[in-house]
Amino acid sequence: MIVELTSEPIDVPRLIAHVNKPSNGGICTFLGVVRDNAEGRPVVKLGYEAYESMAVAQMRAIVQEAMQRWGLDAVALSHRTGELQIGEASVAIAVGAPHRAEAFEACRFIIDTLKTRVPIWKKEFFQDGAVWVEPVSSQPSPQ
């Protein structure tokens, strides 16, 4: 298991290599990337801040829950902090599973649950100012 917060660009090939096991017939990845707009406004960059010790503990708990729920032996989760430019990955998940259904379901569960439980905050920067984005309040998709 890889679970990390980092201020450096995410090494996606490293995450995929971690879950690429002979027993896994399906590898699912998710990348959340910085887009150039939010609600019709052009975005210049994003900033992420985290309560690091709590965030890593929550990320680890989510990954462990997914591993137990879907019988996985390999998951990697990395989230960036600091300032990110358009097109950079802010979060990356790689899940390896014997079959694709479990890989897809676990990957979706991890990102949806991360958005609702982990103390990581996003700030959107525009040409004329910046705003903190409200945390996601909806529950993860049912599994």
Side-chain angles (χ1 to χ4, degrees), residues 1-21 24 26-143:
M1 167 182 6
I2 294 173
V3 174
E4 63 189 12
L5 280 177
T6 180
S7 60
E8 300 298 319
I10 297 171
D11 184 352
V12 177
R14 178 178 67 95
L15 302 183
I16 294 170
H18 177 74
V19 302
N20 190 7
K21 310 279 186 203
N24 290 333
I27 294 175
C28 184
T29 59
F30 172 81
L31 295 180
V33 298
V34 179
R35 63 180 177 268
D36 67 357
N37 67 86
E39 298 182 17
R41 295 179 69 190
V43 171
V44 176
K45 63 184 176 182
L46 292 183
Y48 285 93
E49 291 185 13
Y51 181 170
E52 188 168 348
S53 61
M54 185 181 284
V56 171
Q58 284 294 319
M59 290 164 66
R60 186 173 304 284
I62 292 164
V63 167
Q64 288 173 335
E65 184 177 342
M67 291 177 77
Q68 184 174 35
R69 187 183 226 176
W70 284 280
L72 308 172
D73 65 356
V75 174
L77 168 59
S78 183
H79 201 297
R80 289 276 305 271
T81 57
E83 288 190 2
L84 282 73
Q85 302 305 310
I86 305 303
E88 288 189 290
S90 58
V91 62
I93 302 166
V95 175
H99 305 283
R100 69 180 176 269
E102 292 87 354
F104 278 118
E105 290 169 12
C107 198
R108 172 118 192 205
F109 168 81
I110 292 167
I111 190 60
D112 287 350
T113 307
L114 180 140
K115 291 287 195 175
T116 62
R117 289 201 318 211
V118 179
I120 298 173
W121 302 279
K122 177 170 71 172
K123 190 174 193 176
E124 294 173 333
F125 291 84
F126 307 97
Q127 291 291 344
D128 59 350
V131 296
W132 287 101
V133 176
E134 290 295 317
V136 175
S137 59
S138 64
Q139 294 297 314
S141 60
Q143 300 302 321

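Heavy atoms only: backbone and side chains are in, while hydrogens, waters and symmetry mates are out.
- Judged by distance alone, the side chain of Asn24 and the main-chain N or O of Val19 form a donor-acceptor pair under 3.5 Å.
- For the atom pair Thr29 OG1 and Phe104 CZ, the distance stands at 9.0 Å (nearest 0.5 Å).
- Side chain of His99 to main chain of Gly26: no donor-acceptor pair is present (N/O by atom type, distance under 3.5 Å, no hydrogens or angles).
- In this structure, Val34 and Gln85 approach most closely via the heavy-atom pair CB-O, 3.4 Å.
- Counting non-hydrogen atoms of other residues, nucleotides and ligands closer than 6.0 Å to CD of Gln64 gives a total above 12.
- Of all non-hydrogen atoms in Met67 and Ala74, the two that sit nearest each other are CE-N, 4.0 Å.
- Few gaps surround CZ on Phe125; more than 12 heavy atoms of other groups in view lie less than 6.0 Å from it.
- One finds the CE atom of Met59 at 6.0 Å from the CG atom of Leu114 (value rounded to the nearest 0.5 Å).
- In this structure, Lys122 is not positioned above the aromatic face of Tyr48 in the sense of NZ or CZ being under 6.0 Å from the six-membered ring centre and within 45° of the axis.
- How far CD1 of Ile111 is from NZ of Lys115: 5.5 Å, rounded to the nearest 0.5 Å.
- Looking only at side-chain heavy atoms (C-beta outward), Arg41 and Asn37 stay at 4.5 Å or farther from each other.
- Considering all non-hydrogen atoms of both residues, Ala50 and Leu5 come closest at CB-CD1, 3.8 Å.
- Salt bridge present: Arg80 and Glu88 bring a charged side-chain N and a carboxylate O closer than 4.0 Å.
- Residues Leu31 and Val91 form no side-chain contact, since every pair of their non-hydrogen atoms from C-beta on lies 4.5 Å or further apart.
- Contact detail for Ala97 and Ala103: the closest heavy-atom pair is CB-N, 3.7 Å.
- Residues Phe109 and Trp70 place their aromatic rings such that the two centres sit under 6.0 Å apart.
- To the nearest 0.5 Å, the span separating CD1 on Ile93 from CD1 on Ile2 amounts to 13.0 Å.
- You'll find the side chain of Ile120 reaches within 4.5 Å of the side chain of His79, heavy atoms only.
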| task | Take Asp36 and Val43, measure what side chain to side chain contact (heavy atoms under 4.5 Å, CB included) needs, and give me the verdict at the end. | result | CA-CA 5 Å; Asp36 67 357; Val43 171; 5.5 Å; no
| field | Stepwise side chain to side chain contact (heavy atoms under 4.5 Å, CB included) check, Thr6 with Ser78 | value | CA-CA 7 Å; Thr6 180; Ser78 183; 3.7 Å; yes
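- Using modelled atom types, no side-chain atom of Thr113 and backbone atom of Ile110 make a donor-acceptor pair closer than 3.5 Å.
- The closest donor-acceptor contact from the side chain of Asp11 to the backbone of Arg14 lies under 3.5 Å.
- Here CZ of Phe126 is found 12.5 Å from NZ of Lys45. Values are rounded to the nearest 0.5 Å.
- A salt bridge links Glu65 to Arg117: one of the charged nitrogens lies within less than 4.0 Å of a carboxylate oxygen.
- Between the CD1 atom in Ile16 and the SG atom in Cys28 there is a gap of 10.5 Å [rounded to 0.5 Å].
- Within a 6.0 Å radius of OH in Tyr51, other residues, nucleotides and ligands contribute 12 heavy atoms or fewer.
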